[in-house]
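Note on naming: letters A, B, ... go to the chains in the order of the sequence lines (proteins, then strands), and numbering restarts at 1 for each one. Excluded from the calculations below are hydrogen atoms, water molecules and symmetry mates; all remaining heavy atoms, backbone and side chain alike, are included.
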Amino acid sequence: MADKPSKLKARLPRGLADRGAADIAATRRMIETIAKQFELYGFEPLETPAIEYTDALGKFLPDQDRPNEGVFSFQDDDEQWLSLRYDLTAPLARYVAENFQTVGLPYRSYRYGWVFRNEKPGPGRFRQFMQFDADTVGSASPAADAEMCMLAADTMEALNIKSGSFVVKINNRKILDGILDTAKISPTKWLTVLRAIDKLDRLGFEGVRALLGSGRKDESGDFTKGAELSPDQIEMIEVLWRPVEIPGYKFASLGGSGTFALSQANDAGQSKNMERVGVSDYIDNMKTLDAWEILFSKATKSLEGIHELKQIISVCEAAGFGSKRIRVDSSVVRGLEYYTGPVYEVELTLDTIDDKGRPVRFGSVGGGGRYDGLVSRFMGQPVPSTGFSIGVSRLMAALTLLGKIESKPEAGPVVVTVFDKDRLGEYQAMVKQLRDAKIRAEIYLGNPKNFGNQLKYADRRNAPCVVIQGSDEKAKGEITIKDLILGAELSKLEKGRDEYLQKQAEAQTTVPEGKLVEAVRAVLKRHKLDKP
RNA sequence: GCAGCUGUAGCUCAGUUGGUUAGAGCGCUGGUCUGUGGAACCAGAGGUCGGUGGUUCAAGUCCACCCAGCUGUACCA
């Protein structure tokens, strides 16, 4: 072994994060808000463990008895493969299948928790992150899908993200399938083509065209192989986002998105140079779907998907959700492996800049769709289901960057300072009094020799005030309460030293010993900390 | 996985064309100072210069390989 005892390097595995007091408090608030909204929609809570059998998650590699490397997996003592869950939907499907007799369909439940993905992390992307998920299992009704979209929109607004700062996009996988089929694209290429379409918002029209054709070179010089489609085939796919001419319709295109038909209301004064925000005000979901019916009239599967979307959209519109909050968008792809019909995606439309001044687009903070095949993997019968997940961690990261999260740490405990080491018991008794009155309090546990250090500590802990009883106060049967928040404010205002000291004294009050709780409460009330 | 960039103290970084014992600021610990915080001053702890090998009288500095991190890209249920 090494000659020198080498120090252990303290380090956190990449893609994982420690979370401090402020972060935890913000997460708690967010979870509470979302849960309330989900319960309002009638969903009931359900929790499943973080570990499942790998086969239940459906992540064995084809033709191998080894799990996909994207999931954290290990073998049980009986050699069966176990995995950390990578989403909350697959475990739910297992739960429903296992308790099929008792759950009662349609089964509507919600859950939140940590999920794990063994992938390359990036800004706002972690290997452990939190999802919040709602599902309706056992209903094929378009109303169930509509409800997912409405729930997504309502939840965003409950989180104080205003209408216009987000959009719930909805598409139908059947539309895409129908087009791929009609364009006579070989099924072996479908996955590649869908993945390319999914990158529209990031790579733009040109980038996607390159990926559909011969391939694309990124800025570092790395080359991505394309789908090698013929120009005709590419043209058929590009109808999804290229403005087309159909008599009686006007279209607009949003950057990185599909093409949308505009409402009549806009016909009068239409300008080709409408601002992006202006355009979204005039988008008409139903007209867009009508136009798609014309465009894709030869693709029977697409028409089926469009018909489903019409039903969903009419439910949403009847409930007052228009195209500003819920918008059909032919470029949404999502979860290639198990979504079978409608797919949804929640996108933050706010742009901002990061700490290096570069523009950041948050993109998707949630999504979902209909997964009619997931539960039936365990069953002999079809169990149509639809669900929706919010990426809590990513949404939190986005809102923090936008300055929409209260980042100020919570007030700390009242700190009882120590003057006489011999009277620790008496100080502890004061702490007990405060705790009995439900006030967070603690005795100073560091080296009490230097009184200044005790105040520094209290300051760092964000303590609203400290309790002081030195020999002077003790002799008179008194205690001193020092208001640290007031002290901080006053010291910022005043410049002169004498004045500073005087003001500082004002932030202190001396009261009889018996009034400890009362005096501390007064300080808390002054700073509105009395009500948690 | 592929590509580009970067690795010096807990953190942010300096370190000349290769040249004595590798520095600074912040932070930390202690002291000035058991009676008043975010102030000042003093002292201290803390380094296999990412690793291994090579070139050289001499390597933090040059070369090769490896490792790690960041960014892009691929995959992303």
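- Stacking here means ring centres nearer than 5.5 Å and ring planes tilted less than 30 degrees, and by that measure A:Y86 stacks onto B:A77.
- The base of B:A74 is not paired with the side chain of A:E119 by any donor and acceptor separated by under 3.5 Å.
- For the residue pair A:Y53 / A:D76, no side-chain donor-acceptor distance below 3.5 Å is found, with atom types taken as modelled.
- Heavy atoms of A:S471 sit under 4.0 angstrom from at least one base atom.
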Can you give me the N/O atom pairs linking the protein to nucleotides 32-34 of chain B at distances under 3.5 Å, or say none if there are none?
| residue | atom | partner | partner atom | Å |
| --- | --- | --- | --- | --- |
| B:U34 | O4' | A:K449 | O | 2.7 |
| B:U34 | O2' | A:K449 | O | 3.4 |
| B:U34 | O2 | A:F419 | O | 2.3 |
| B:U34 | N3 | A:F419 | O | 3.2 |

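- No engagement by A:K474 is indicated, since no non-hydrogen atom pair under 4.0 Å with the nucleic acid exists.
- Among the protein residues, A:V466 comes within range of no part of the nucleic acid, since none of its heavy atoms lies under 4.0 Å from any strand.
- Between the side chains of A:Y371 and A:D135, at least one donor N or O lies within less than 3.5 Å of an accepting N or O.
- Between the side chain of A:K120 and the base of B:U73 there is at least one donor-acceptor pair of N/O atoms closer than 3.5 Å.
- Using Watson-Crick or G-U wobble geometry with both donor-acceptor distances under 3.5 Å, B:U56 finds no partner in any strand shown.
- Here, B:G7 and B:U12 have their C1' atoms 14 Å apart, quoted to the whole Å.
- In this structure, B:G30 forms a base pair with B:C42, meeting either the Watson-Crick or the G-U wobble geometry with both donor-acceptor distances under 3.5 Å.
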